[in-house]
Each structure stands twice: as C-alpha cells, then as structure tokens.
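Note that these values count all heavy atoms, side chains included, but never hydrogens, waters or copies made by symmetry.
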Amino acid sequence: MGRVLTHTLWRADWPFTLWRPGDAGNLWGMRKHRSSRRSFLKGVSLAAPLALGMPALARGQNASASSASPASARLRARELAADLVIIGGGVGGCAAALAAARHGLRVILTEETDWIGGQFTAQAVPPDENPWIETFGGTRTYLDLRYRIREYYRRNYPLTPAARANPHLNPGNAWVSRLCHEPRVTLAVLHELLAPYLAGQRVLTLLRHQAVAATTHGDRVEAVQVRSLESGNELILRAPYFADATELGDLLPLTRTEYVTGAEARKDTGEPHAKPEAQPLNMQGFTCCFAMDYVPGEDHVIEKPREYDFWRDYVPDLHPPWPGKLLAWEYADAATHQPRKLDTDPEAGSGLWSYRRLADKSLFVPGTYPGDISLVNWPQNDYWLGNLCEVTEAEATRHLARAKQLSLSLLYWLQTEAPRPDGGTGWKGLRLRPDLLGTEDGLAKYPYIRESRRIRAEFTVVEQHVSTEYRMQETGASRDEVKATAFPDSIGIGSYRIDLHPSTGGDNSIDISSLPYQIPLGALLPQRVENLLPVCKNLGVTHITNGCYRLHPVEWNLGEAVGTLVRFCQTKKCLPRQVRNTPALLNDFQNLLVRDGVPLAWPRVTPR
C-alpha cells in the first residue's frame with residue numbers, strides 16, 4: 001500500500017498509533033503487510049451502492065466531497081490503530097465506544113453524518129421502548145442516558161414547576177414514547193458522556209467519514225478504509241476488533257462477511273409468518289422524518305413539492321390492502337389491517353399530532369414555544385417503493401429522493417388539503433423546523449432505517465423463540481405464565497411487539513404479540529469471521545424477529561455488550577466465539593456484564 005506519511009493532525013504522542021506498513025509490529029502483534037495474502041475489497045457489486053454511493057444520505061450535506069478521486073485519496077491515506085474500531089456512530093456505536101473506553105480501551109468511532117446518536121439524533125426518532133423502562137428493561141447506562149436527558153431539560157429549559165418536579169418528565173407528552181424530546185438534547189448528552197474519553201484520548205471520533213474498503217486475512221478483518229465526506233481524504237483504520245454499527249450493515253459486504261437480507265423462506269426458518277420462498281429484496285420501508293410546529297394565524301406553506309401530484313393520488317398496492325390513498329387520515333391498522341382513523345388536529349393536540357410530539361408547550365413557561373412541535377414518523381410517510389441497500393447507487397439515490405418527496409408532500413398536504421375537524425382543509429400555520437434537525441431541507445440528516453443486512457450468525461433468533469402465540473402452543477402455558485425461549489448465553493434483554501412496517505415486496509404490516517426476550521451472544525457472532533461484531537440491526541435475527549429487536553434500548557445493549565466483550569477477550573486472550581462455547585469464560589463474561597449493570601433475564605412480566 002506504499003509508504004504512509006505523517007499528517008500534521010496527529011501528534012507524535014497521539015495514542016491512536018500511526019501505523020506504517022514497514023513497522024516491525026504493533027500492540028497486538030498483527031501480521032506484517034503481505035499484499036499477496038490480502039487485498040482491499042472494493043465491493044464492486046453489492047457493497048458499492050453503500051460504500052461508494054448513496055451520496056444523498058451523508059454526502060448530500062456537502063456534495064463537493066464526492067468529487068475527490070478515490071485513487072488520489074488512497075495515495076494520501078494515513079493509517080491509525082486502536083483497540084476497537086467502530087464504524088457507525090449510532091445508538092449501538094456510541095454505547096460500544098463508551099463501554100470499551102470505560103474498560104480502558106482505545107476506540108476510533110466513525111460516523112457518516114455530523115451527528116452521533118443514530119436513531120435518537122440523525123434519524124430524529126424518539127425512543128421506542130418497553131413499558132417497564134422507567135425502572136427496568138434496559139442497562140444501567142441506558143437508564144442513566146434517559147435520566148441525563150431529563151436533567152438536561154431541567155438545567156437548560158424553562159419548565160413549569162409541575163413539569164420540573166415530575167421524575168418521569170416527557171417533554172413532548174407523547175403517547176408512543178415516555179421520553180419524546182428534541183434530537184439535539186440526546187446529541188448534547190452523548191457529547192457529555194464521551195467528553196472525558198475524548199479529552200483523555202481514549203476515544204477518537206471521525207465525523208463525516210464513510211467506510212469504502214476493507215482488508216481481510218483469512219477469517220479476520222485487519223483494516224477498514226474510510227473516506228472523509230468533506231475533504232475526500234482517506235484513513236486506514238487497524239484494530240484487533242471491528243464493530244459494524246452502520247444502519248445498513250455496510251461492513252458486511254466490504255469484509256465479505258456472510259449475510260442475509262430481506263425475507264427468509266419458511267423452509268429455512270420454520271417461522272409461521274415467513275414467506276414460502278426467500279425474498280432477499282423484500283425489506284421494511286424506511287422513513288425520512290421531519291419536525292414541524294404549529295403557529296396559528298401564520299402562513300408557512302412550503303413550495304409545492306415536485307412529486308406532490310403523484311403522492312396525493314397514490315394508492316398503496318399492498319397485501320392485505322391499504323384502505324385508500326396514502327395521503328389521507330384513514331390508514332391500515334398495523335395488527336388487523338382494518339381501516340383506522342385518528343382525529344388529528346394540531347390546534348387541539350390530538351391524534352397523530354401528539355403521537356411523537358417533541359415539545360408540549362404547556363410543560364414550559366408561557367412564551368417558550370410559539371406552538372407544540374411534532375415529529376412526523378407517521379404511517380403516511382413510510383416509503384416502500386424501493387430499497388437503500390442491495391441495489392445500484394443510482395437506484396438507491398432515486399429512492400431516497402422519492403422518500404424525501406413523500407415526506408414533503410405529506411407536509412404540503414397537511415398545510416393545504418388535509419380535512420380538518422371543523423370542515424375546512426389544511427393548516428397553513430404548520431411550519432417546517434429545519435433548525436431542530438440541523439439540515440437545510442428540514443428533513444432528518446439520515447433516513448430512519450428499520451431493516452438492515454444481517455449476519456449469518458452462529459445462532460439466529462426466530463419467531464418461534466419470542467412469539468406469544470407460538471410459545472403458548474409449544475409449552476402449554478397460559479398467556480400470564482408463558483415466557484420466551486431462554487438463552488443460556490444471554491448478554492442482555494429487550495421487549496417490543498413484532499412490528500414490521502409495510503415492505504418493499506408489497507406486504508402490509510405485521511404486528512403480533514411477542515414476549516420479553518433475551519439477547520443471545522450467538523446472535524452477535526458471524527459464522528466464519530472472528531473479529532467483526534454487529535451492534536445495530538445487523539445481528540442474527542430474521543426479517544420477522546428484526547421487528548422486535550430493532551429498538552433503541554436493545555441497540556444500546558448490543559453496543560455495551562460488544563464494547564465489554566472486546567475488553568474481556570483481550571484480557572483473557574480468547575476469541576468471542578470461545579467465550580460463548582466455553583462455559584467458564586461465558587460465566588465470567590456474564591458476571592462482568594451483570595456487575596456493569598446489564599440485566600441478563602427478565603422478572604415476571606406480561607407479553608407485549
């Protein structure tokens with residue numbers, strides 16, 4: 001790969017080691033460079049759309065960055081090394097970085113956008129959680145994160161005395177989440193949590209960096225090459241362990257880690273709700289979220305979106321059928337598929353308006369907000385006409401652009417044509433709030449991704465492990481007594497209904513009861529690759545069980561477990577696979593997690 005020059009950004013005493021291919025060794029005794037035994041995997045086919053394409057996802061914030069020549073950038077590439085390299089600064093990536101740094105490791109954390117936090121921040125999705133989360137059902141550090149979010153409001157916002165005194169403050173007073181709040185607040189709290197490790201040079205964050213290539217040797221990943229979306233310059237990151245915290249599982253094709261996508265066949269998983277045949281391109285739709293407030297008496301109608309006529313008249317072609325046009329108050333109930341209508345009114349704060357509301361002005365001193373702020377991640381702006389991965393760059397870019405047009409068309413419809421309870425149409429006072437999301441177009445920095453590439457894991461969680469109805473039939477237990485399958489290699493817990501949104505294969509939603517479950521270590525272990533660990537939606541679940549494993553507290557738990565696992569493996573001089581398959585090591589690792597405040601099993605609770 002040629003000689004690597006020292007860049008002035010990195011001082012001689014910088015702890016993230018500057019690696020030069022001619023060096024005799026490094027902290028972990030990695031093999032010397034032998035180009036005949038390994039090569040950069042450029043992902044010419046499946047990897048290319050994500051690694052080198054998708055300019056509108058992260059690069060859209062600075063279109064000029066993509067003009068840099070990859071060849072010239074590689075000539076400028078510098079190399080850095082750490083104990084753990086985390087590609088993706090989302091919920092799981094941040095949790096992994098914090099856990100690893102807390103245990104004394106040096107971490108490099110990259111992120112495509114300029115906001116860490118993933119679902120919480122760049123995707124602008126308030127936390128979807130289990131009903132016991134105020135006291136149980138998350139790791140100690142996740143509960144601390146929630147506490148810090150509330151304390152941030154108490155320190156910095158003019159709350160009413162009653163709101164300030166409420167230990168369970170919900171700034172948005174929303175009904176989908178017990179902690180609906182502005183994305184910037186979580187961003188600030190994550191920065192606070194990382195601050196001592198950044199200052200102490202335990203963690204290095206590389207914002208606006210995207211993985212473009214990887215080096216492998218046998219069953220190990222040795223390096224990942226990332227490109228700055230600002231300058232086009234490249235860095236080669238080396239470590240004994242890598243975590244894929246990307247929203248779409250970008251590292252899996254780059255590292256040739258075996259993976260699956262879309263809907264599996266029933267003959268392969270045995271799942272009651274699986275497809276008769278595999279449909280690898282049939283994935284849940286994604287959403288471009290946006291925030292808006294309502295200012296009565298003012299006119300904030302946006303310019304008519306160029307695709308508005310299409311989306312205003314669009315009738316979804318789904319099975320079971322959607323009840324009518326997508327841009328309408330009536331939509332398909334997720335569980336029954338029967339028509340459902342919520343009387344939505346921003347003036348009254350009712351229906352979908354308060355569903356994911358970020359700020360209820362009544363909780364703040366009068367004058368703080370001109371109106372409530374609502375986050376729009378509604379049935380009407382789910383996009384399912386195509387995928388963002390496993391397609392060409394051009395197709396992915398087109399689908400992202402159309403998804404943005406759908407969200408803007410929904411806003412325009414709300415402003416101009418949506419039926420009001422008083423018989424009128426539209427609310428001109430609805431105002432797009434780009435300032436809250438840090439973008440020019442007013443849409444979230446990154447689309448809300450529900451389904452990703454998933455590793456072919458040593459163990460895969462299937463519907464039969466967590467479905468309430470299936471487990472009742474299998475065990476003969478009553479609804480009040482039935483439990484999910486117990487996993488002896490548990491590294492955490494989670495709970496959510498099996499909730500699949502309409503898919504790109506034309507399937508309407510799946511929403512079925514599930515049981516509070518454990519997270520098995522085996523679902524974090526690729527079948528072959530030894531040192532790449534998933535910490536997002538890319539773990540060993542199926543198209544079906546992804547529906548209950550994809551939420552904020554579960555992703556945080558995954559990251560925390562992986563950050564701790566890497567430290568444990570370095571201390572014990574073993575591989576993650578050995579931890580799972582060696583009873584003494586597994587027991588020691590689980591005890592370490594418990595000491596860190598990671599619950600491994602549920603008390604007696606009810607199905608979701």
Side-chain angles (χ1 to χ4, degrees), residues 90-92 94-95 113 115-134 137-138 142-153 157 159 163 166 168-190 247 286-294 334 342 344 346 349 351-364 369 372-382 407 433 435-439 442-450 494-497 499 501 536-537 548 550-556:
V91 179
C94 289
T113 72
W115 281 11
I116 59 172
Q119 292 187 67
F120 274 119
T121 59
Q123 297 172 45
V125 180
D128 290 307
E129 301 170 323
N130 63 69
W132 310 281
I133 196 64
E134 297 295 354
Y142 184 80
L143 299 183
D144 178 63
L145 173 74
R146 300 177 85 256
Y147 172 81
R148 287 170 178 262
I149 289 170
R150 286 172 169 145
E151 284 301 299
Y152 189 93
Y153 272 92
Y157 283 72
L159 297 164
N166 183 359
H168 297 156
L169 172 67
N170 185 349
N173 199 18
W175 49 274
V176 73
S177 171
R178 289 167 169 77
L179 190 57
C180 269
H181 59 281
E182 296 175 35
R184 286 187 186 275
V185 174
T186 300
L187 179 66
V189 170
L190 289 172
E247 298 298 329
F286 65 93
T287 304
C288 292
C289 302
F290 63 92
M292 60 180 179
D293 61 3
Y294 179 62
L342 289 174
T344 299
L352 288 170
W353 179 259
S354 58
Y355 176 55
R356 292 185 183 272
R357 184 169 50 194
L358 301 179
D360 178 350
K361 68 175 184 178
S362 70
L363 300 181
F364 300 82
Y369 291 102
D372 291 353
I373 301 171
S374 185
L375 191 282
V376 182
N377 175 18
W378 297 354
Q380 293 89 344
N381 65 327
D382 278 2
S407 289
R433 292 295 302 270
D435 54 313
L436 294 177
L437 304 186
T439 61
L443 305 176
K445 291 176 178 287
Y446 201 93
Y448 174 35
I449 305 297
R450 296 182 178 89
S495 180
Y496 204 73
R497 290 178 66 85
D499 173 24
H501 285 232
C536 198
K537 303 171 188 72
C548 61
R550 62 180 173 83
L551 292 314
H552 301 65
V554 177
E555 191 176 327
W556 183 277

In Å and rounded to the nearest 0.5 Å, what is the [atom1] to [atom2] distance from [X] to [Y]?
X      : Y      : atom1 : atom2 : result
Arg146 : Leu179 : CZ    : CG    : 5.0 Å
Asp128 : Leu551 : CG    : CG    : 5.0 Å
Ile116 : Cys94  : CD1   : SG    : 4.0 Å
Trp353 : Thr344 : CH2   : OG1   : 10.5 Å
Leu159 : Asn166 : CG    : CG    : 10.0 Å

Inset, instruction - In sequence, state the C-alpha distance, the side-chain angles, and the governing distance for Phe286 and Tyr446, and then conclude on side-chain contact (heavy atoms from CB on, under 4.5 Å). - result: CA-CA 10 Å; Phe286 65 93; Tyr446 201 93; over 6 Å; no

Who pairs with [X] by side-chain contact (heavy atoms from CB on, under 4.5 Å), at least two apart in sequence or on another chain?
X      : value
Arg184 : Trp115
Cys548 : Val466, Tyr496, Ile498, Ser514, Tyr517
Ala188 : Tyr152
Trp175 : Leu342, Ser354, Tyr355

For [X] and [Y], work out which heavy atoms get closest and say how close.
X      : Y      : answer
Val554 : Gly494 : CG2-CA, 3.8 Å
Ala163 : Leu363 : CB-O, 3.4 Å
Arg150 : Arg178 : NH2-O, 3.3 Å
Pro379 : Leu352 : CD-CD2, 4.4 Å
Thr121 : Pro183 : CG2-O, 3.5 Å
Leu437 : Ala444 : CD1-N, 3.7 Å

Could you tell me whether the side chain of [Y] reaches within less than 4.5 Å of the side chain of [X], counting heavy atoms only?
X      : Y      : result
Lys445 : Gln123 : no
His181 : Thr186 : yes
Ile149 : Leu169 : no
Val376 : Met292 : yes
Leu190 : Leu145 : yes
Cys180 : Asn170 : yes
Tyr142 : Glu129 : yes
Arg450 : Lys537 : no

Legend entry - His552: ring-ring contact (aromatic ring centres under 6.0 Å, His included) partners, not counting sequence neighbours: Phe120

Inset, instruction - Sequence neighbours left out, what passes ring-ring contact (aromatic ring centres under 6.0 Å, His included) with Tyr448? Give chain and number order. - result: none

Legend entry - Test side-chain contact (heavy atoms from CB on, under 4.5 Å) applied to Ile449 and Thr287, step by step: CA-CA 7 Å; Ile449 305 297; Thr287 304; over 6 Å; no

Legend entry - Ser374: side-chain hydrogen bond (donor to acceptor under 3.5 Å, both in side chains) partners, not counting sequence neighbours: none

Legend entry - Results of side-chain hydrogen bond (donor to acceptor under 3.5 Å, both in side chains) for Asn130 - residues two or more places apart only: none

Legend entry - Ion pair Arg550/Glu247, N-O distance below 4.0 Å: no

Legend entry - Presence of salt bridge, Asp499 and Arg497, under 4.0 angstrom: no

Inset, instruction - Determine yes or no for a side-chain-to-main-chain donor-acceptor pair under 3.5 angstrom, with Glu555 supplying the side chain and Cys536 the backbone. - result: no

Legend entry - Trp378 backbone acceptor or donor facing Asn381 side chain under 3.5 Å: yes

Mind checking what makes salt bridge (Lys or Arg N to Asp or Glu O under 4.0 Å) contact with [X], not counting sequence neighbours?
X      : answer
Glu151 : Arg154
Arg148 : Asp144
Glu182 : none
Arg357 : Asp360, Asp372

Inset, instruction - Give me the ring orientation class for Tyr153 and Phe364: parallel if the planes are under 30° apart, tilted from 30 to 60°, perpendicular past 60°. - result: tilted

